[in-house]
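In this text the structure is predicted, and so the values were computed from the model without any measurement. Every number for a ligand or one of its atoms is a count from 1 in the order of the listing.
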Amino acid sequence: MTKILIIYTGGTIGMINDPSNGMLIPFDFEQIKDNVPELSRLDYDLDVHSFNPVLDSSNMDPEIWKTIAELIYSKYDLYDGFVILHGSDTMAFTASALSFMLENLGKPVILTGSQLPIGEIRTDAKENLITALEIAATKENGQALVPEVCIYFDAQLFRGNRSIKYNSEKFEAFRSPNYPVLAEAGVHLQFNKNDMLNAPDGKLNLRTNFNSNIGVLKLYPGITPQAVQAITDSKVDAIILETFGSGNTTTAEWFLDSLRSAISKGKIIIDISQCKKGSVQLGRYETSRELQKMGVLSGYDLTFEATVTKLMFVMGLKLSVEDSSKLMEKSIRGELSHD
Ligand code: ASP
């Protein structure tokens, strides 16, 4: 029988209302099970690993990503697939982080959650959970059909490291603006096999070392030297520059000098766009030519979530600046579009 491990980390899906103050607080897996009697009708062998305590996903961090990845790695041969129940707020970060940590993944790791707790009548949790389990169990010619880390939400399956939380109110909480949806659940589960990662050649390999000493510099018209230099002159090892349009910034000399000075001290700077759709194209406009010349890296069409986690992951590999830079600019888990 198909075996699936459910990893319950927390999130709205399992929350209940605290009667003393009306706030939503995470609760244990038993109440999820009680609210989804359909679980016992599924033709799979389900095991549950529950976090203790369970978390609102705003409290996730690299140590917890590591715990999840280690759990999957240690149980990898025992299960056909893994479903992670997780708060939606930082689900795209965890999905991205897992995709980088689990090299040569050949089985589905599907994250899901919900916008309404499972105990509420109009909840979206049941469909999300049941279909995520179905996707994790799907095989073709004896092989897992989805050999990657994905997010399943509101009838759509997305590549994890291409996903963003897009809406905090609608059931359609996620999108992957720069990559096609990998499956749609209607009357049938329709998989888009052409855009899925290929099954790996090698054995699963786990790397869990993250360096979270990074900074983020989001540009806006009127940004001051003090605001920029608070990041460029700080002790961070790498900087994500969130730029305009296709990767453009002010061409003010003080600004460019601040970046040059950071690069000369060995910091990596990577340029991603504030636009959700489209790609950075350094050198397309005069307002990005100097960035390219001084060695700012292009994040192409990376999401912010994938950039943060990939940068922490790559910096954790302790490579030379040159090798780290090369890795940042190429796709290692299908996270960016560039040859
Ligand atoms: N605050 C919740 C969390 O991320 C929201 C959710 O689960 O959708 O844990």
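- Taking CG of L259 as the reference point, atom CG of L217 lies at 7.5 Å (rounded to 0.5 Å).
- Remark: ligand 1 atoms within the under-4.0 Å shell around heavy atoms of T12 are 2 (C), 5 (C), 6 (C), 7 (O), 8 (O).
- Remark: ligand 1 and D56 share an N or O pair separated by less than 3.5 Å (distance only, no angle test).
- When hydrogens are left out, the protein atom nearest atom 9 (O) of ligand 1 is S57 N, 2.7 Å; that is the closest non-hydrogen contact.
- More than 12 heavy atoms of other residues, nucleotides or ligands sit less than 6.0 Å from atom CD of Q274.
- If you run salt bridge (Lys or Arg N to Asp or Glu O under 4.0 Å) between D80 and each of K139, K3, K75, only K139 comes through.
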For this session: Show your reasoning for whether salt bridge (charged side-chain N to carboxylate O under 4.0 Å, His left out) applies to E38 and R41.
Result: CA-CA 5 Å; E38 292 88 346; R41 286 172 45 207; 5.5 Å; no
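- Checking only distances, T90 never comes within under 3.5 Å of ligand 1, N or O to N or O.
- Between F158 and F174, the angle of the ring planes lies from 30° to 60°, which puts this pair in the tilted group.
- At a 3.5 angstrom cut-off on N or O pairs, H86 does not count as close to ligand 1.
- Of the protein's non-hydrogen atoms, the one nearest atom 8 (O) of ligand 1 is S88 OG, 2.4 Å.
- Between S114 and ligand 1 there is a heavy-atom distance shorter than 4.0 Å.
- Remark: ligand 1 atoms within the under-4.0 Å shell around heavy atoms of G11 are 7 (O), 9 (O).
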Exercise. Step by step, would you call R162 with S337 a side chain to side chain donor-acceptor pair (under 3.5 Å)?
Worked result: CA-CA 10 Å; R162 293 288 196 151; S337 317; 3.0 Å; yes
